[in-house]
Structure formats: C-alpha cells, structure tokens
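Below, read A as the first sequence line, B as the second, and so on, with proteins coming before strands; counting in each chain starts at 1. Computed from a prediction, not measured in an experiment: that's the story for all the values here.
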Number of protein chains: 2
Amino acid sequence: MCGTDSPASINKGSLTSANGNGTRSPTCSSDRVLNLEQGDPSVFQSYWSKMEDKCTMVISGSQLMSYISDFTTLCWFMEPEFEEAVRRLHRVVGNAVVDDRYIVVGTGSTQLYQAALYALTSPGGPEPVSVVSAAPYYSAYPEETDYLRSRLYKWAGDAYEFDKNGTGPYIEVVNSPNNPDGTLREAVVKNRGDEGKLIHDLAYYWPQYTPIIRPADHDIMTFTFSKSTGHAGSRIGWAIVKDKEVARKMSKFIEMSTLGVSKDSQQRAAKIMGVICDGYKNFKSDELFFEHTRRVMAERWERLRQVVDRNQVFSLPKYPKQYCLFSGELIEPYPGFAWLEAKEEEEEIDSQKVLRGCIKVQGRTGSRFGVAQKYVRVSLLSNEEVFNQFLERLSTIKSISNGH
Amino acid sequence: MCGTDSPASINKGSLTSANGNGTRSPTCSSDRVLNLEQGDPSVFQSYWSKMEDKCTMVISGSQLMSYISDFTTLCWFMEPEFEEAVRRLHRVVGNAVVDDRYIVVGTGSTQLYQAALYALTSPGGPEPVSVVSAAPYYSAYPEETDYLRSRLYKWAGDAYEFDKNGTGPYIEVVNSPNNPDGTLREAVVKNRGDEGKLIHDLAYYWPQYTPIIRPADHDIMTFTFSKSTGHAGSRIGWAIVKDKEVARKMSKFIEMSTLGVSKDSQQRAAKIMGVICDGYKNFKSDELFFEHTRRVMAERWERLRQVVDRNQVFSLPKYPKQYCLFSGELIEPYPGFAWLEAKEEEEEIDSQKVLRGCIKVQGRTGSRFGVAQKYVRVSLLSNEEVFNQFLERLSTIKSISNGH
C-alpha cells in the first residue's frame, strides 16, 4: 500500500505494497489521523494572532439584543456596519461589483445557497427545478439541495450532462474558483432563454487563492467570511444580488430559516473587514492581509508540487498564470484544496482509501464531487504543523494500490 | 373608531366612532406607529445595562475561527462552554431535566423547530407527515413548515381538528406557555401509538413569564436565548433531546442548513447565562435576573389589566395562580404577549385593524394564529417608553368598529 524504500511504482490492483510485505510501512504512518477532509481555514490564524489588538471585538451585555437591525430595509436583520464593510472590502479588492447591488447577509454561504434556490423557484410548477453544477462540483450541493425533499427544486447532477440531455427549467451553480479543483469557471449549460438561472458561488474568489481577473458581475454572487478572512466559526456569508425581488425573497428565506443572522458575528466580521481595508488605506501594517495569505498559499503550493512531482503517485492540476487586477501581476492560482489524481490509469483506484490507509490522512473522495474515486480532495488550509505533517507523510508514499 | 370623550360603548359594525364624527380623534393617535407585532425582547435591556462589566464579551481576532468545536461529539459545532452553561442554567431554574439528555445548539429555536421536523420524519413515506398545533398556535409554524414544500412534512393546522378528523402519522408541536395566549399546555391529539410524535417548544417556560410547575421532561424540548435572557440578536437556541439518533439527525440538519452555529454568539450566550447562574450562587447582585424580570412583567400586566378593565373594549385571558418551584410561591403567569379579544360579539371584527387605525399600534391578527380576527396579539416585551406609549394609547380607545 505504501513504501518508503522502493522506487516509485504503481502496483495496479495489488494488495501488496511496494516494499513487498503487504503491511503498512512504519515510516509512513503515525497514530494520529490528519483530518484534511473539511476546509477548516486555520492557515490564516497566525496572521490574526499578530493583529489581536486591532481586531478585538468587545460586546457589552446590553448590546445587539434586538432581532431587528433596520426595519426599513429589505434585509432588515443586516447590521448597517456589516453591509458597509462588505461593500468597502469588495471595492478595495476589486473582485465584485457592488454599486447598485443589494447585499443580503446569511448564516454562512451554505444558507445563502439555499436562499438563492428558494428565491429562484416558485411553488406550483409541475416538476421541481433541476439544480446542476459542472463536475467535479462542490460535494455539499447535492445534499444541501435535496435533504428536505423540496417540491421547488431537486439536485440533477453534472451540468455537462444536463447540457447534453437535460430538459426544462434549471439553475446552474457556477463555483469559481471551483471547489474542489481550483479552476476558474463559467456557466456550461448553453443559453436556453428564460429556462436557466445562475448562482455564482465565489467563496474562493479572493487574492490569496486566485488572480482577480475582473470584478465579478453576476445576478447572484455568494461569498463567505470563512474563506475570505478565515473566520469559519462565525458563520457569516453574504450575497450580492442584482434584482430587488430576488434579494427580497432571499431575505425572506433567511427570516423563515433562522429569523436573521447573529449580530455578534456580523459586527465582528465588519470589524475584521475594516481592519483589512484600513491596512490597504494606510499601508502601515507589516504585511497586508492578502499579501501575507497569498505568500503562505504560494509557499504551500510550491512545497506540495515538489513532493507530488517527486513521488510520482499523484498528479495535480496545472493552472495558467493570469493577470491579477488586485496585485497588478501575472500570477498563478493557489487553491485552498489539493485535487489529487492517482496517476494509475485504473479508474477504480480509491485515492481517499489510499491516503487514509497509507498515511492516515483523511481527504474526501472524488465520488462525492461527482467524478471517479481516483481523485481525492485534501485541504491546504490547515495550520502549519498539520500541513507540514501532511507533506511529510505524503512524501513517504511511493506506490499505491486499491486493495485494502 | 376611537374616542376619548365618550363613555365606554361598542358600536357594532358602525363606521362612526363613539365621539360621533367618524374621524380619528387627535388625542388617540400620534404620528409614530408603535410596532408591537414582533416579540422583540427589549424589556430586558435595562437589566443588562446595569450588568455591563460582568457580561462584556471580548473576542480577539484569532479566536473562534474553526468550523469545529469538538469533532468527537454528536453536535460537533457546539462550544463545550455553551453546553455547560445551558445545563447549569436549567439546573438553577429547575425548568427542564438535563441529566442524561443530549443538547443540540441551533441558530435560534426557529432553526431547531425545523431540525426537529427533519429528525422526526424519513424520506420515502407515501405522504408528508402532518404537523399540527392547537389553535391559537404560534403564527410562524405554518410558514416555517411549508415554505420549502417538503415531501417529508406539511402543515396541517389546528391539533384539535386533527384529533377529530385527521389520520396518519403526525407531529404535534406543544408550545407551553403558548404564544400567543400564554396558557400552559399539554398535547391534545389523543395517543395513537407510534403514529404521533411531539415537539415541545418551551421558549417562554422561564420564571419571568410563568410559574415553573415542574422540570419539563419531554422527548424534544426547544429553548431560546431570545426569550430566556432577551438576547434575540444573537440567534441562539438549544434543544434538549432524549433520543441519541434524534439528536444526531437534528445536528445533521443544522450542518446542512448552516454548517454550524455562530461561535461568537455561543460564547456570548455562555457568558451571560454564567452571570445569571453566578448571581444565584452568590446572591450578591442587587436584584437577580429572574426576580427583576418577573417584577417588571408583573408590573406591566397589572397596568395593562387596569387599562383593559377600564375601557371595556377588549378582554384578556385569566390565568390561574400556580405553585412555582423556582420562587417557592403561588404566582400568576405574566406572558410576553397580550392576547386581546374584542368584547364585541361580532366574530368579524378585525382587532388588528382597530389598533392600527385608532391608536397606531401594530399587533398581529388572530387569523395568523388560526383563530378569529377579533383576537390580536400585542408584544409586552418592548422597552419602557414604548410600553408606556402603548398603554397611553390603549387607554384612549373607548369603542371599536370594524369599518375602516
């Protein structure tokens, strides 16, 4: 299953490892499983540790007690400071158009995705609207779409398949840069007049992960505090929406789903976004947020590619350099996940099992993303110690098989 | 429609007011509408203002960043400090059994209600499970049940009706004390073996609103930070659950719905609950939380009953005194809402319209709660100024009609 002493080789379908004894090599395992299945963004924590004073949030016992932020606005549970901070951050980064657009706050982009499905469908249709996304698609879309067995919408799988064979009204989710594979994407279902609607999930469209090639300007765009700054525990996301009625329906969904969104977390997000923007205004910070995080991601990718190239067991996608409007340079994407493909030609190879069995690394199998299990997604957003451990263990894999 | 000078009288179906000119009396209206439709719990803010120092929450920029609180537990996104605080608070108050029970945190009890529906149903049944609650029922249940047109469950209205004529599997929501009418309740659908399941919504089962007659001990009980301490803006609720699999499914629902619950708000809730419990441990506080809030609610109800008795236009429910285990006294309920019934016999009288038209008070009509529109629910949880204004305006109504 794995071996440190043998030359790089792949034993198709074999139960034996390259070192010939069929058991785990002691040099490629350790007792602790590294959980790199989720994209928990711990990588950014060290930056925020250095910024503690500026970012500390203080909330007294009597603040933020009301359900209501501003009843005269469409999204009445959104803190005005949060909305302002979101608009300001996008203006500083240049990754999305915010002028003349509505902002809707959500409990993470997970909730906003569902709010968008609700807003784009109506009761009374003969069939639920088909929801599609190009494979490999974000693994949570199918279950987030189907868990309540709604009559409004249903998961219909790969958008490429739907483009060929699908009929009727549909919603295509365009995830760009795409989770799991990091590619910049556009809609794939060919225009069918009024039948198709789009949701753009832009969770990773930030300068630490990708060149900012243009200010995104789509009907519904969702973003999340988790991936932009790394504050996943706050469960804050937002949507930028062109159409007023769609924004109103999304807000209504959030009202019925959770009666608003934590104000404590909205205020904290506003504060932290403000610190980032102040940094770019004053240029006083030692290292600005996106420069720091991009550098860390670039270093991780460089080290990862070295290990992957050296042991020749997996391959990684190649990304073209593109001109980044934010940095003013031609730069490469550095996605938050490694999308590893087993080099073995056998489609049935189970790369998740290989990682788990050989080096006790928990990734997420390609089959959860609608593709073959020879693919596995591994988070690159862990803290430094876990990332180093991952590379160390990955470097010990010299061959894989599918048997255990 | 309203008049200050005339004696108390009710003009059935008449468009004229008691003072005979058919127009709004200037003494019973003011330009500002008092929004008492929602139960925004501002009444408790003054207490927390006095406790600022003890309750202030401080969160540095690098804290609470992970999605995960404890991956080894069933509800992996629940902060351990929050769970401990919830158990401690219930032990101090004695309003619910928590030993050998699972706790599940949610984004308010709104989300937990939906999590419970999900946990109590399964895909593949021939028909959606009927969800019922005795009228007058909480106005949000119908839309929270039906907005996604689930095939798992559907709103089926008044539990009394279902008890008479309904068939098949059902879930009964028992809201006690009941919103809108403040009564202590038990399930009304007669036991039908395995066909029926119960959700107990105990949002108001706290000593400021009601005598604590026993530690509640039901299969699924939901509570909310909004109504217990008044911190609605934090969107924190919790469920106490007997069955492990039900608790697991509820957690799974919250994972799919919002990928967890704001940690900032969980920690803040833990801190505030801790301050309440410390008060009861040390008895050092000038006035303890539930004693203070009960006194305020008692005073409001006394003043409200005086006004309502005096002008003879509406009636309020009478509540029996019961022995409260928490205070050790025989006490009356002081619900968070006034459930006003027009004394006029005419069923069609629209009390919401009367309040809005005559005194610019926005309540919520009985028809939203599954009963006649001669009922209207008005929040008693506003701040002092708004409550005083409400009473002042209410005292000016001397007669009502249904015509405008």
**Q** If you count heavy-atom pairs within less than 4.5 Å of chain A, which of Lys50(B), Lys271(B), Lys252(B) leads?
**A** Lys252(B)

**Q** Between chain B and each of Phe44(A), Tyr113(A), Trp48(A), Tyr153(A), count heavy-atom pairs under 4.5 Å; write down the option with the most.
**A** Trp48(A)

**Q** Minimum heavy-atom separation for Tyr147(B) and Leu152(A), please, with both atom names.
**A** O-CD1, 3.7 Å

**Q** Do Glu52(A) and Ser62(B) have side-chain heavy atoms sitting under 4.5 Å apart?
**A** yes

**Q** Give the minimum heavy-atom separation between Arg151(B) and Ser150(A), together with the two atoms involved.
**A** NH1-O, 3.3 Å

**Q** Checking heavy atoms, do the side chain of Phe77(A), its backbone, both or neither come under 4.5 Å from chain B?
**A** neither

**Q** Kindly give the heavy-atom pair with the smallest separation between Pro123(B) and Arg149(A), and that separation in Å.
**A** CG-NH2, 3.2 Å

**Q** Identify the heavy atoms of Val261(B) and Arg235(A) that sit nearest to each other, and give their distance.
**A** C-CG, 3.7 Å

**Q** For Asp53(A), is it the side chain, the backbone, both or neither that has a heavy atom under 4.5 Å from a heavy atom of chain B?
**A** neither

**Q** Are Asp264(A) and His231(B) close enough that some pair of their side-chain heavy atoms sits under 4.5 Å apart?
**A** no

**Q** Just give me the residue among Thr258(B), Leu112(B), Thr107(B) that pairs up with chain A most often, heavy atom to heavy atom, under 4.5 Å.
**A** Thr258(B)

**Q** When only pairs under 4.5 Å are counted, which of Leu64(A), Val58(A), Leu259(A) shares the most heavy-atom pairs with chain B?
**A** Leu259(A)

**Q** Are Ser265(B) and Ser262(A) close enough that a side-chain donor and a side-chain acceptor fall under 3.5 Å?
**A** yes

**Q** Less than 4.5 Å to any heavy atom of chain B: does that hold for the side chain of Gln45(A), its backbone, both, or neither?
**A** both

**Q** At a 4.5 Å cut-off on heavy atoms, which part of Ser42(A) comes close to chain B: side chain, backbone, both, or neither?
**A** neither

**Q** What pair of heavy atoms forms the shortest contact from Ser226(B) to Tyr67(A), and how long is it?
**A** CB-OH, 3.5 Å

**Q** Measuring heavy-atom distances to chain B, does Phe71(A) have an atom under 4.5 Å in its side chain, in its backbone, in both, or in neither?
**A** side chain

**Q** For the interface with chain A, which of Glu255(B), Glu144(B), Gln114(B) has the highest count of heavy-atom pairs at distances below 4.5 Å?
**A** Gln114(B)

**Q** Under 4.5 Å from any heavy atom of chain B, what part of Gln38(A) do you find: side chain, backbone, both or neither?
**A** side chain

**Q** Side chain from CB out, backbone as N, CA, C, O: work out which of these in Thr229(A) comes under 4.5 Å of a heavy atom of chain B, or both, or neither.
**A** backbone

